[in-house]
Amino acid sequence: MKNLQSLRGMIDLLPSQAERWQKVEALARDHFRRAGLGEIRTPLLEYTELFARGIGEATDVVGKEMYSFFDRGDRSCTLRPEGTASVVRSVIQNGLLSQGSQRLWYMGPMFRYERPQAGRQRQFHQIGVEFFGLSSEMSDAELISIAWDFLNDLGLRELTLEINSLGTKEDRKKYRQNLVSWLEDFTELLDEESLKQMNQNPLRILDSKKPHIQKLLNGAPKLGDFLSNESQERFLNIQNILNTLEIPFTINQKLVRGLDYYCHTAFEITSKQLGAQATVCGGGRYDGLVEELGGPKTPSIGWAIGLERLLILLNEDSFEKQFTEVYMVNKGDKAQVEALRLARDLRISNFVVEIDPSGSAFSKQFKRANRSNASWAVIIGDQELIQKEIRLKRLKGEIVGDNEYVVKNSDLNQIIKILRS
RNA sequence: GCGGGCGUCGCCAAGUGGUUAAGGCAGCGGCUUGUGGCGCCGCUAUUCGGGGGUUCGAAUCCCCUCGCUCGCCCCA
């Protein structure tokens, strides 16, 4: 029989990696706590319609990347491909918007049916932040700063923050018409992909990776020239605030982002170390989405960080590995139980304690104790049981003979005192 | 969905048609019947991702298939 395997693009996180994830997650939580954000946890499964309406029928995410199926009641359900739509649904459904502005974060797995490659899995993980009911330039800058500070605190350098303004729906409509009519003079230079995009979502041609398209676009009309005065002023204000906060950024007029709901501010944080999928963090303003999904008109902005990509960047750095402090060497039926009892007591006193499970020869157990990198071996065997004593042996440092201590009557305080010395 | 590269033990690998598929790491056992870090010895792939074919003979050649990986599309 063939061996069972995980699904393509869905990977196991083994202990050595999981430790790194925990550290990243803990740091994120700490940043969010200090920024006064509230956590929101939404289901992994939603009605398909939520994503179809929220993300946009024309996007690839909805068009060809969703994990959808019919449940036993014949309802179309979908594993969430991103976080924003679910959060918006929840915030509407639970009436949070009538309680004033909301500043929220979430963390968890997302699902997209795509070919896996570097920095892309079918089940992947995002950390995201969403602000609702805040429209000022300040809130845009604060939101960006939360992402920036978190990434910096992780020790990541070599990151680039790119920002752009997509303006209002009307701004974009004007620009779109101009761009399309300009492109129509060059249809013979466009490839099949770009021609298709020209009809469906022409702005997306802007971030094409093909060199000849980019060369052509140098002469194309610029989005920035079509922003209304208000939109331009808004964009300038945000730049000023970012400058004041000393958050370095570059303006990328071709940054459009794929999902339908964005307006005004769009931004990305990228790293050159990532290969083709270089975006670590992406986000923007989506003032129309809440209304689109049946809620009150609510200005909103958010970002998401891809954890897999973050972890790739962090793999270069050395993490402080969790290590065992005390290794319990034990032999004999009764002695093993005593060892377990003492291990529990020491764990209650906050020691990291590993207990040898093998019952094999002491020399073997000491070898493992040494390999575990523990500072101490605690020895309980039949002899100790008879003598009512416990031996502690210091494993690190020079062997100078007297590195063993005997504690009478299993005196826990005495043991702890020696272990802490 | 489309292209390129790759699949030999838990990990890293040698082997490119000929009798028993190197080696290293890790693991387990012993030298050392209760004391580690070094050392030495032994054990761990009837089988080379899977299936079919060619051949007297295949991990090695051919076909199909699965998986991994990098890129395109798209996105975090």
Side-chain angles (χ1 to χ4, degrees), chain A residues 1-3 5-9 11 14 16 55 58-65 81-84 107-128 147 151 191-194 196-197 200-201 204-205 207-210 256-259 267-271 274-284 302-313 327 329-332 335 356 358-385 391-399 403-404:
Chain A
M1 189 175 150
K2 217 185 138 195
N3 284 338
Q5 275 187 303
S6 64
L7 274 71
R8 154 169 264 198
I11 58 165
L14 304 179
S16 59
I55 301 172
T59 60
D60 281 21
V61 170
V62 171
K64 57 181 202 190
E65 294 171 1
E82 54 114 61
T84 301
M107 179 187 294
M110 309 291 164
F111 303 84
R112 302 222 290 230
Y113 193 93
E114 302 176 89
R115 280 287 281 272
Q117 69 185 75
R120 172 195 286 167
Q121 299 293 329
R122 287 185 171 181
Q123 176 177 336
F124 63 107
H125 297 77
Q126 288 186 334
I127 297 179
L151 295 172
D191 55 301
E192 200 184 328
E193 233 11 87
S194 303
K196 218 165 79 190
Q197 286 176 335
Q200 292 180 352
N201 193 348
R204 248 195 255 162
I205 296 177
D207 59 13
S208 168
K209 282 178 190 164
K210 298 188 181 75
V256 289
R257 306 202 50 71
L259 309 183
F267 65 95
E268 267 181 16
I269 299 174
T270 56
S271 167
L274 275 179
Q277 309 302 325
T279 306
V280 185
C281 175
W303 53 249
I305 284 177
L307 272 174
E308 279 76 6
R309 293 181 190 174
L310 204 52
L311 268 292
I312 291 173
L313 294 176
Y327 194 95
V329 171
N330 60 94
K331 196 164 168 62
D356 193 292
S358 68
S360 52
F362 272 41
S363 63
K364 289 294 168 196
Q365 295 197 38
F366 274 96
K367 270 186 181 157
R368 279 191 283 266
N370 199 56
R371 228 175 289 139
S372 81
N373 218 13
S375 310
W376 290 91
V378 170
I379 304 137
I380 305 181
D382 293 331
Q383 263 180 43
E384 285 75 13
L385 228 50
R391 283 166 192 280
L392 311 176
K393 183 167 183 175
R394 197 191 290 279
L395 294 174
K396 285 188 174 163
E398 294 289 301
I399 301 176
N403 56 350
E404 202 165 306

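Lettering of chains follows the sequences in order, A, B, ..., and the numbering in each one begins at 1. As the structure is a computational prediction, the values presented were derived from the model and not from experiment.
Counting any heavy atom pair closer than 4.0 Å across all strands shown, Lys209(A) reaches a base atom. Within the nucleic acid shown, Ser360(A) comes within 4.0 Å of sugar-phosphate atoms alone, with no base atom in reach, counting heavy atoms only. In this structure, Gln365(A) reaches neither bases nor backbone, as no heavy-atom distance under 4.0 Å exists between it and the strands shown. Within 4.0 Å of Gly283(A), counting heavy atoms only, lies no atom of the nucleic acid at all. Counting any heavy atom pair closer than 4.0 Å across all strands shown, Ile379(A) reaches a base atom. Nucleic acid contact class of Gly282(A) (heavy atoms, under 4.0 Å, all strands): sugar-phosphate only.
Partner assigned to U55(B) is none, using Watson-Crick or G-U wobble distances below 3.5 angstrom. If you check U19(B) for Watson-Crick or wobble pairing at under 3.5 angstrom, you find it has no partner at all. Nucleotide U35(B) is matched to nothing when pairs are restricted to Watson-Crick or G-U wobble geometry with both distances under 3.5 angstrom. Both distances falling under 3.5 Å, in either a Watson-Crick or a G-U wobble arrangement, occur for no nucleotide opposite U60(B). In this entry C25(B) has G10(B) as its Watson-Crick or G-U wobble partner, both defining distances falling under 3.5 Å. Applying the Watson-Crick and G-U wobble criteria (two distances, each under 3.5 Å), G71(B) pairs with C2(B).
We find that OH of Tyr327(A) is positioned 11 Å from C1' of G36(B), with the value rounded to whole Å. Atom CZ in Arg368(A) sits about 14 Å away from atom C1' in G34(B), given to the nearest Å. One atom, CZ of Arg371(A), and another, C1' of U35(B), lie 15 Å apart when rounded to the nearest Å. Rounded to an integer number of Å, the gap from Leu7(A) CG to C66(B) C1' is 14 Å. To the nearest angstrom, C1' of G34(B) lies 14 Å from CG of Leu385(A). Distance Arg8(A) CZ to G1(B) C1': 12 Å, rounded to the nearest Å. Distance NZ (Lys210(A)) to C1' (C2(B)): 12 Å, rounded to an integer number of Å.
Within the 4.0 Å cut-off from OP1 or OP2 of C70(B), not a single side-chain nitrogen or oxygen of Gln117(A) is found. For G1(B), the OP1/OP2 oxygens have no side-chain nitrogen or oxygen of Lys64(A) closer than 4.0 Å.
For Gln277(A) against G71(B), no side-chain N or O and base N or O form a donor-acceptor pair under 3.5 Å. Taking only distance into account, the side chain of Arg115(A) meets the base of G3(B) through a donor-acceptor pair shorter than 3.5 Å. Counting distance only, with no hydrogens placed and no angle test, the side-chain atoms of Asp60(A) and the base atoms of G1(B) include no donor-acceptor pair under 3.5 Å.
When each of Ala361(A) and Glu82(A) is assigned the nucleotide of RNA chain B with its nearest heavy atom, Ala361(A) is the one assigned upstream, toward the 5' end. Of the two residues contacting RNA chain B, namely Arg394(A) and Glu65(A), the nearest-nucleotide position lying further toward the 5' end is that of Arg394(A).
In this structure, Phe366(A) counts as stacked on the base of U35(B) under the 5.5 Å centre distance and 30° plane angle limits.
If you take atom P in G4(B) and the same atom in G42(B), they sit 48 Å apart, rounded to whole Å. Separating the C1' atom of G24(B) from that of C63(B) is a span of 36 Å, rounded to the nearest Å. Rounded to whole Å, the separation between the C1' atoms of A21(B) and G15(B) comes to 8 Å.
For the pair Pro109(A)/Gln126(A), no side-chain contact is recorded, criterion being any heavy-atom separation below 4.5 Å from C-beta on. Using a 4.5 Å heavy-atom cutoff, the side chains of Lys364(A) and Asp356(A) are not in contact. A 4.5 Å side-chain heavy-atom check between Arg394(A) and Ser375(A) finds every atom pair outside the cut-off.
Here Glu114(A) does not pair with Arg122(A) in a salt bridge; the nearest charged N to carboxylate O distance is not below 4.0 Å.
Both tests do not hold together for Lys367(A) against Phe362(A): distance to the six-membered ring centre under 6.0 Å, angle to the ring axis within 45°.
Checking each of Thr59(A), Ile55(A), Val62(A) against Pro81(A) for a side chain to side chain contact (heavy atoms under 4.5 Å, CB included) leaves exactly one that passes, namely Ile55(A).
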